[in-house]
Amino acid sequence: MTFTQTSDPTIREHVQAWQKLDVDQQLALFWFIYKEMGSSITPAAPGASTVSPEIAEGLFNQVKELSHEEQLQVQRDLINKVDSQLSRQYGSLGDTTKLLFWYRLSQGMDSGTIIPVPADYQLPSESKVLFGKIQGLAFEQQMTLFRDYVSPMGAQAKSGAEI
C-alpha cells in the first residue's frame, strides 16, 4: 500500500516509483539524494520546528553500535516495516525526525561508522531516471516527497510493548 500525506499527484507518483524499487535500490537512491542534495536538505531537517534531534540521535547511536551487516539489515527492515524494537522506535517518530535520522545515517556512511554504499556502485537506470525527476522538483516538493517516503517506514508501536 502506498501512503502519501499530500494530494500532489507528482509527489504521489514519485513516492510510488521509489517504493517499487527493490529495497537495496531504495536505500542507494536515498544515499545518492543525500550526497547530491544534502546541502539543501540539511538545513531543512535539523532546523525544522517539529524535529527532535535528541531522539533521532539516540536511534542513530543504537544503529551505529551494530555491525555493518546489522546496520544494513536495520535499514532494510525499516523500509520493509519489519516488527522489531528499532523499527517500532522509528515508527513512533515524527516525519521530520525520521528525515533527520536518515540524514544522520548518511553522515555516518560518510564517516564510515555506518555501512557505506560500495564505492563503485552505480544506480540502475530506473533509479537514475527517478533521481533526475527528484532533482527537478522545487525544494518544497522535494521535502514533501522525502517526508512521504520516510513516513510509512518502520513498525507501529504496540500498546504495552517496550520501545
Side-chain angles (χ1 to χ4, degrees), residues 1-48 50-51 53 56-57 59-60 63-64 66 68-82 86-87 90-91 93-155:
M1 178 181 157
T2 299
F3 169 86
T4 57
Q5 299 179 74
T6 181
S7 60
D8 183 327
T10 301
I11 301 300
R12 279 199 316 266
E13 174 187 319
H14 287 36
V15 168
Q16 289 170 353
W18 200 340
Q19 292 171 335
K20 287 179 183 174
L21 299 173
D22 76 42
V23 69
D24 288 333
Q25 287 180 26
Q26 288 183 49
L27 287 170
L29 179 57
F30 217 13
W31 162 248
F32 276 88
I33 287 169
Y34 271 111
K35 285 300 287 179
E36 295 298 318
M37 303 163 68
S39 60
S40 61
I41 295 169
T42 307
T50 59
V51 75
E57 191 68 22
L59 189 58
F60 168 77
V63 175
K64 183 174 73 170
L66 301 172
H68 276 183
E69 293 75 25
E70 291 169 319
Q71 292 170 351
L72 179 57
Q73 191 59 52
V74 164
Q75 293 174 64
R76 288 172 173 158
D77 287 352
L78 290 175
I79 289 173
N80 290 323
K81 302 177 183 88
V82 172
L86 278 170
S87 189
Y90 175 90
L93 301 177
D95 295 346
T96 307
T97 304
K98 289 177 180 181
L99 279 177
L100 179 56
F101 169 74
W102 284 102
Y103 176 70
R104 287 294 293 123
L105 287 177
S106 74
Q107 288 180 314
M109 292 169 83
D110 277 343
S111 70
T113 58
I114 300 295
I115 187 170
V117 172
D120 60 347
Y121 183 84
Q122 297 290 318
L123 283 173
S125 60
E126 64 269 21
S127 298
K128 282 183 185 177
V129 169
L130 182 55
F131 183 55
K133 289 179 180 180
I134 291 169
Q135 287 177 305
L137 294 174
F139 176 76
E140 294 77 19
Q141 286 181 303
Q142 290 172 354
M143 294 309 298
T144 300
L145 170 65
F146 302 148
R147 279 188 199 96
D148 279 7
Y149 175 65
V150 302
S151 182
M153 290 181 190

**Student:** Check whether any side-chain N or O of S87 sits under 3.5 Å from a backbone N or O of A155 as a donor-acceptor pair, and report yes or no.
**Tutor:** yes
**Student:** Under 3.5 Å, side chain of N80 to main-chain N/O of V82, donor-acceptor pair present?
**Tutor:**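 Absent.
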**Student:** Find out whether V63 and F101 are in side-chain contact, i.e. whether some heavy atom of one side chain is under 4.5 Å from a heavy atom of the other.
**Tutor:**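 A side-chain contact exists here, since the closest heavy-atom pair is under 4.5 Å.
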**Student:** So does D110 pair up with K35, basic N to acidic O under 4.0 Å?
**Tutor:** yes
**Student:** Is the shortest heavy-atom distance from the side chain of Q141 to the side chain of H14 under 4.5 Å?
**Tutor:** no
**Student:** So among Q26, K98, Q19, which one has a side-chain hydrogen bond (donor to acceptor under 3.5 Å, both in side chains) with Y149?
**Tutor:** Q26
**Student:** Would you check if K133 and E13 make a side-chain contact, meaning some heavy-atom pair closer than 4.5 Å?
**Tutor:**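 Yes - at least one pair of side-chain heavy atoms lies under 4.5 Å apart.
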**Student:** In terms of relative ring orientation, are Y90 and W102 parallel, tilted or perpendicular, with 30° and 60° separating the classes?
**Tutor:** perpendicular
**Student:** Does the side chain of I134 come within less than 4.5 Å of F146's, by heavy atoms?
**Tutor:**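 They are in contact (side-chain heavy atoms under 4.5 Å apart), so the answer is yes.
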**Student:** Using every non-hydrogen atom in the two residues, find where L137 and Q142 come nearest and quote the distance to one decimal.
**Tutor:**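 Nearest heavy atoms, L137 then Q142: O-NE2, 3.2 Å.
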**Student:** Decide yes or no for L66 and Q73: does some side-chain heavy atom of the first lie under 4.5 Å from some side-chain heavy atom of the second?
**Tutor:** no
**Student:** Short question: side chain of R12, backbone of S7 - any donor-acceptor pair under 3.5 Å?
**Tutor:**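 Yes; judged by distance alone, with no hydrogens or angles, the pair exists.
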**Student:** Side chains of V117 and F30, heavy atoms from C-beta outward: is any pair under 4.5 Å?
**Tutor:**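 The answer is no; the side chains never approach within 4.5 Å.
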**Student:** Do you know the tightest heavy-atom contact between H68 and I114?
**Tutor:**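 Closest pair (atom of H68, atom of I114, distance): NE2-C, 3.8 Å.
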**Student:** So, for E57 and R104, which heavy atoms are closest and what is the spacing to 0.1 Å?
**Tutor:** OE1-NE, 2.7 Å
**Student:** What closest approach, in Å, do S127 and L21 show between heavy atoms, and which atom pair accounts for it?
**Tutor:**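 S127 and L21 have their closest heavy atoms at OG-CD1, 3.6 Å.
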**Student:** Within the structure provided, determine whether Q75 and I115 are in side-chain contact (heavy-atom separation under 4.5 Å).
**Tutor:** yes
**Student:** Is there a side-chain contact between L29 and L130 in this structure, where contact means two heavy atoms from C-beta onward sitting under 4.5 Å apart?
**Tutor:** yes
**Student:** Which atom names give the shortest non-hydrogen contact between Q71 and T113, and what distance separates them?
**Tutor:**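 In this case the closest contact between Q71 and T113 is NE2-O, 2.9 Å.
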**Student:** Between D95 and S151, which heavy-atom pair has the shortest distance, and what is it?
**Tutor:**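 Closest pair (atom of D95, atom of S151, distance): OD1-OG, 2.9 Å.
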**Student:** For K20 and E126: C-alpha separation, side-chain torsions, deciding distance, then whether side chain to side chain contact (heavy atoms under 4.5 Å, CB included) applies.
**Tutor:** CA-CA 10 Å; K20 287 179 183 174; E126 64 269 21; over 6 Å; no
